Visitor: 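Have a look at this one before I ask anything.
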Amino acid sequence: MPDKTAPAALELGLDTFGDVTADAAGNAIPQPQVLRNVVAQARLADELGVDFIGIGEHHREDFAVSAPEVVLAAIAGQTERIRLGSAVTVLSSDDPVRVFQRFSTLDALSNGRAEVILGRGSFIESFPLFGFDLADYENLFEEKLNLFAELLKEEPVTWQGSTRAPLSEQRVFPPTESGRLRTWVGVGGSPQSVVRAAHYGLPLMLAIIGGAPVRFAPLADLYRRALDQFGGEPQPIGAHSPGHLAETDEQAREELWPHYSVMQARIGAERGWGPASRDQFEHDAGPDGALFVGSPDTVARKIAQAVTDLGLTRFDLKYSTGTLPHDRLMNSIELYGSRVIPMVRDLLA
C-alpha cells in the first residue's frame, strides 16, 4: 500500500496541449497567438512557484502545439526555475535519436530543467503524417522505447531493430550535463504498459482522464511490484488529470462545461462516443471523478486524496480544455499556484 503521508519530493505541475481557445466573441484564436499565450501561461506558473509545465504534442486543428520542444525552449528563455517537459512526446512516430537530441539541447538551454514524458499518444494523426503504418502501433513504441533507454545511458550505442536503421557504437550529442535526462513513460491504464515502464526502470506517469483516481491504485501497486521483481530502484509515480479552478465550485463548473462539452462532442464523434451529458460531467467533477474542477479548497483536497491513494510524487493538472479562454486559463493558473499548491502541501504535511 502507498505511504499515507506526502512524499518529501512531491511536485505539483501543470499541463497543456495548447488547445485552440476562443476570444470574447467566441471566435477561435489563431494558432500562432495560442502558442504565444502558452508561453505567457508558463511564465506565470514559474512566477507562482509551480514545479513543472508539460506541453503536449498533437497534429490537429484544435491543438496548436506540434513541436513541444520549440515551445519549451521559448519558455526556458523567459523562466527561472520551473521544470520543462512534454505531455507527451509521441515516440512511436518520431525518431528516438532526434527526440533525445532535442531534449538534451533543451536541458542545456534551461540549465538542467528538461524532462520528457514518452507515450504512444491518444490520437493517431502523427502516423499518416510521418509515414507510419498503424498496423505497427505496438512494435513501433516497443522498439523505440528500447532504443531510447539505451540513449539515456549517454554512452556509445549499438542497437538493431526493424523500425529504423541500426546503430553501431554511435555517440549522440549533445550529452546532458548531469548525465541523465529525466524520462517518464506515460500510460493510460494498460497493465502491460505499466510493466514495460518498470522493465526499463523509468518513472511512471498515469493519465487519469476517466473514472475515480483511486481505481488506478492497482496499477501503481503493479508498477512497484514489477520494479522490485526486475531488481530496479524505486521510481517516481505521477498522475495527469484535467481540471479548472475558479473562486467557487459552481463558478468553475459553469465556466468549464460549455467548452468541455463541445470538445467531448468533437472527439466523441471521431471515436464513436455518445454525447457528453451534464450529469456525467457533474459526477466526474465530484469527489469520485477524474475532473479536478472547483474552488481552490475543493481541488486541493481532491489532489491530496489522489496523492495519498496512489502514492504519487507528482501531480499535473491539465488546465486547458477546448476553447476555454486565455484569461480563464490565467486565472486558473493563478489560483493553482497561489492557493492550491500551498494547501495541498499543508494537507499532506
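Sequential numbering from 1 along the given sequence is applied to the chain's residues. The structure presented is a predicted model; accordingly, all values stated were derived computationally and were not measured.
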Visitor: Between Pro68 and Ile55, which heavy-atom pair has the shortest distance, and what is it?
Guide: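 Of all heavy-atom pairs spanning Pro68 and Ile55, the closest is CB-O, 3.6 Å.
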Visitor: Would Leu109 and Ile75 show up in the same hydrophobic cluster when neighbours are defined by side-chain heavy atoms closer than 4.5 Å?
Guide: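 No, it is not one cluster - the side chains of Leu109 and Ile75 are not joined through contacts under 4.5 Å.
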Visitor: Is there a path of hydrophobic side-chain contacts, each under 4.5 Å between heavy atoms of I, L, V, M, F, W or Y residues, that connects Ile333 with Val293?
Guide: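 Yes, it is one cluster - the side chains of Ile333 and Val293 are joined through contacts under 4.5 Å.
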Visitor: Please step through side chain to side chain contact (heavy atoms under 4.5 Å, CB included) for the pair Leu317 and Leu245, ending with a clear verdict.
Guide: CA-CA 10 Å; Leu317 181 76; Leu245 285 144; 4.2 Å; yes
Visitor: Just jot down the salt bridge (charged side-chain N to carboxylate O under 4.0 Å, His left out) partners of Asp19, sequence neighbours excluded, or say none.
Guide: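 Lys318.
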Visitor: I'd like to know if the side chain of Glu143 pairs up with that of Ser162 as donor and acceptor (distance under 3.5 Å, no hydrogens or angles considered).
Guide: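 A pair is found: one side chain offers a donor N or O, the other an acceptor, under 3.5 Å apart.
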Visitor: Please identify each residue that fulfils salt bridge (charged side-chain N to carboxylate O under 4.0 Å, His left out) with Asp51, with sequence neighbours left out.
Guide: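 Expected list: Arg81, Arg345.
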Visitor: Indicate whether any N or O donor in one side chain lies under 3.5 Å from an N or O acceptor in the other, for Arg83 and Ser110.
Guide: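 On atom types as modelled, these side chains do not qualify, holding no pair under 3.5 Å.
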Visitor: Testing the basics here: between Ile208 and Ser241, what is the closest heavy-atom pair and its distance to 0.1 Å?
Guide: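 Closest heavy-atom pair between Ile208 and Ser241: O-OG, 2.8 Å.
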Visitor: For Leu14 and Phe52, what are the C-alpha separation, side-chain angles and deciding distance, and is it a side chain to side chain contact (heavy atoms under 4.5 Å, CB included)?
Guide: CA-CA 6 Å; Leu14 292 165; Phe52 171 79; over 6 Å; no
Visitor: List the atom of Gly18, the atom of Ser320, and the distance in Å for their closest heavy-atom pair.
Guide: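 It is N-OG, 4.4 Å.
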Visitor: Would you name the heavy atoms of Asp284 and Lys302 that are closest together and state the gap between them?
Guide: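 Taking every non-hydrogen atom into account, O-NZ, 3.4 Å.
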Visitor: Pair Arg339, Glu247 - check salt bridge (charged side-chain N to carboxylate O under 4.0 Å, His left out), show working.
Guide: CA-CA 11 Å; Arg339 293 167 60 179; Glu247 287 295 336; 3.1 Å; yes
Visitor: If you look only at pairs with a residue in residues 123-134, which of them pass as a salt bridge (charged side-chain N to carboxylate O under 4.0 Å, His left out), with sequence neighbours excluded?
Guide: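 Found Arg60-Glu125.
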Visitor: Among Leu312, Val185, Asp316, find the one that has a side chain to side chain contact (heavy atoms under 4.5 Å, CB included) with Met205.
Guide: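 The passing option is Asp316.
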Visitor: Can you tell me which residue pairs pass the salt bridge (charged side-chain N to carboxylate O under 4.0 Å, His left out) test with a partner in residues 155-180, sequence neighbours excluded?
Guide: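 Salt bridge (charged side-chain N to carboxylate O under 4.0 Å, His left out) check on residues 155-180 returns Asp95-Arg164.
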Visitor: Under the ring pair (Phe, Tyr, Trp, His ring centres under 6.0 Å) test, which residues partner Phe148, sequence neighbours left out?
Guide: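 Per chain and number, Phe148 pairs via ring pair (Phe, Tyr, Trp, His ring centres under 6.0 Å) with no residue.
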Visitor: Indicate whether the side chain of Glu115 and that of Trp184 have a donor and an acceptor atom separated by less than 3.5 Å.
Guide: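 Yes, side-chain donor-acceptor contact under 3.5 Å.
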Visitor: Counting only N and O atoms by type, is there a donor-acceptor contact under 3.5 Å from the side chain of Arg314 to the main-chain atoms of His240?
Guide: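 Not a single qualifying donor-acceptor pair exists.
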Visitor: Before you tell me yes or no, could you show the steps for Ser193 and Arg120 under side chain to side chain donor-acceptor pair (under 3.5 Å), namely the whole-Å CA-CA distance, both residues' side-chain angles and the distance that decides it to 0.1 Å?
Guide: CA-CA 10 Å; Ser193 296; Arg120 291 181 291 185; 3.1 Å; yes
Visitor: Give a yes-or-no answer on whether the side chains of Glu142 and Asn146 include a donor-acceptor pair shorter than 3.5 Å.
Guide: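 There is no such pair between these side chains.
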Visitor: Within the structure provided, determine whether Met330 and Leu44 are in side-chain contact (heavy-atom separation under 4.5 Å).
Guide: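 Answer yes - side chains close enough.
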Visitor: Let me know which of Leu12, Val340, Ile82 forms a side chain to side chain contact (heavy atoms under 4.5 Å, CB included) with Val50.
Guide: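 Going through the options one by one, the only one that passes is Ile82.
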Visitor: Atom CG in Leu329, atom CG in Asn37: separation rounded to 0.5 Å?
Guide: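 Nearest 0.5 Å value for the CG-CG distance: 8.5 Å.
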Visitor: Would a hydrophobic clustering, with Ile, Leu, Val, Met, Phe, Trp and Tyr connected at side-chain separations under 4.5 Å, put Ile209 with Ile267?
Guide: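 Looking at the clustering, Ile267 is in a separate group from Ile209.
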Visitor: Checking His199 now: which residues fulfil ring pair (Phe, Tyr, Trp, His ring centres under 6.0 Å) with it, not counting sequence neighbours?
Guide: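 Checked His199 against ring pair (Phe, Tyr, Trp, His ring centres under 6.0 Å); matches are Phe230.
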Visitor: So, using ring pair (Phe, Tyr, Trp, His ring centres under 6.0 Å) as the criterion, who are the partners of Phe281 when residues are at least two apart?
Guide: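 Result, ring pair (Phe, Tyr, Trp, His ring centres under 6.0 Å) vs Phe281: Trp257, Tyr260.
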Visitor: Answer yes or no: is there a side-chain heavy-atom contact under 4.5 Å between Val99 and Phe103?
Guide: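 The answer is yes; the side chains approach within 4.5 Å.
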Visitor: Within the 3.5 Å criterion, strictly below it, is a donor on Thr298 or Asp249 matched to an acceptor on the partner's side chain?
Guide: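 Asp249 and Thr298 do have a side-chain donor-acceptor pair below 3.5 Å.
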Visitor: With side chains defined as the heavy atoms from C-beta onward, is the minimum distance between Tyr319 and Thr16 less than 4.5 Å?
Guide: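 Tyr319 reaches Thr16 side chain to side chain.
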Visitor: Determine whether His244 and His259 make a side-chain contact, defined as any pair of heavy atoms from C-beta on separated by less than 4.5 Å.
Guide: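 Contact flag for His244/His259 side chains = no.
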Visitor: Considering only heavy atoms from C-beta outward, does the side chain of Thr21 approach that of Leu324 to under 4.5 Å?
Guide: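 Of all side-chain heavy-atom pairs linking Leu324 with Thr21, none is under 4.5 Å.
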Visitor: Strictly under 6.0 Å, is that where the ring centroids of His59 and Phe123 end up?
Guide: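 Here the rings of Phe123 and His59 have centres that are no less than 6.0 Å from each other.
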Visitor: Does the side chain of Leu10 reach to within under 4.5 Å of the side chain of Val307, using non-hydrogen atoms?
Guide: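 Of all side-chain heavy-atom pairs linking Val307 with Leu10, at least one is under 4.5 Å.
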Visitor: Checking Glu282 now: which residues fulfil salt bridge (charged side-chain N to carboxylate O under 4.0 Å, His left out) with it, not counting sequence neighbours?
Guide: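 If we apply the salt bridge (charged side-chain N to carboxylate O under 4.0 Å, His left out) test to Glu282, skipping adjacent residues, the hits are Arg253, Arg278.
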Visitor: Scan for salt bridge (charged side-chain N to carboxylate O under 4.0 Å, His left out) pairs involving residues 33-46, sequence neighbours excluded, and state none if there are none.
Guide: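 Every pair satisfying salt bridge (charged side-chain N to carboxylate O under 4.0 Å, His left out) with a residue in residues 33-46: there are none.
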Visitor: Would you name the heavy atoms of Thr321 and Met263 that are closest together and state the gap between them?
Guide: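 What the structure gives for the nearest pair is CG2-CE, 3.8 Å.
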Visitor: What I'd like to find out is whether the side chain of Val157 reaches to under 4.5 Å of the side chain of Leu151, using heavy atoms alone.
Guide: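 A side-chain contact under 4.5 Å exists here.
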Visitor: Listing request: all side chain to side chain donor-acceptor pair (under 3.5 Å) pairs with a residue in residues 325-336, at least two apart in sequence or in separate chains.
Guide: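 Qualifying pairs: Gln41-His326.
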Visitor: Does one hydrophobic cluster hold both Val90 and Phe63, with members joined at side-chain heavy-atom distances below 4.5 Å?
Guide: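 The answer is no; the residues belong to distinct hydrophobic clusters.
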Visitor: Can you list the steps and then say if Arg224 with Asp221 is a salt bridge (charged side-chain N to carboxylate O under 4.0 Å, His left out)?
Guide: CA-CA 5 Å; Arg224 295 185 184 95; Asp221 291 340; 3.2 Å; yes
Visitor: The test is salt bridge (charged side-chain N to carboxylate O under 4.0 Å, His left out); show your working for Arg102 and Glu57 and say whether it passes.
Guide: CA-CA 14 Å; Arg102 295 195 299 264; Glu57 173 197 347; over 6 Å; no
Visitor: About how many Å separate OG of Ser92 and CG of Asp136, when rounded to the nearest 0.5 Å?
Guide: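 One finds 10.5 Å between CG of Asp136 and OG of Ser92.
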Visitor: For Pro218 and Val214, which heavy atoms make the closest approach, and how far apart are they?
Guide: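 For Pro218 versus Val214, the nearest heavy atoms are CD-O, 4.0 Å.
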Visitor: With a 4.5 Å limit on heavy-atom distance, are the side chains of Leu35 and Val70 in contact?
Guide: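 In short, these two side chains do not touch, never coming nearer than 4.5 Å.
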Visitor: Between Phe127 and Tyr137, is the ring centroid distance below 6.0 Å?
Guide: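 Under 6.0 Å, so yes.
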Visitor: Going by the rule side-chain contact (heavy atoms from CB on, under 4.5 Å), which residues pair with Leu347 if we only count those two or more places apart in sequence or in a different chain?
Guide: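 Partners of Leu347 under the side-chain contact (heavy atoms from CB on, under 4.5 Å) test: Ala300, Arg301, Ala304, Met343.
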Visitor: Can you tell me how far the CG atom of Asp94 sits from the OG atom of Ser126, to the nearest 0.5 Å?
Guide: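 Going from CG on Asp94 over to OG on Ser126, the span is 8.5 Å.
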Visitor: Examine Leu91 and Val195 and state if one hydrophobic cluster contains both, with Ile, Leu, Val, Met, Phe, Trp and Tyr joined whenever side-chain heavy atoms are less than 4.5 Å apart.
Guide: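 Linked, Leu91 and Val195 end up in one cluster.
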Visitor: Test of understanding: with ring pair (Phe, Tyr, Trp, His ring centres under 6.0 Å), list the residues that count as partners of Phe100, not counting sequence neighbours.
Guide: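 Scan of Phe100 (ring pair (Phe, Tyr, Trp, His ring centres under 6.0 Å), adjacent residues dropped) gives none.
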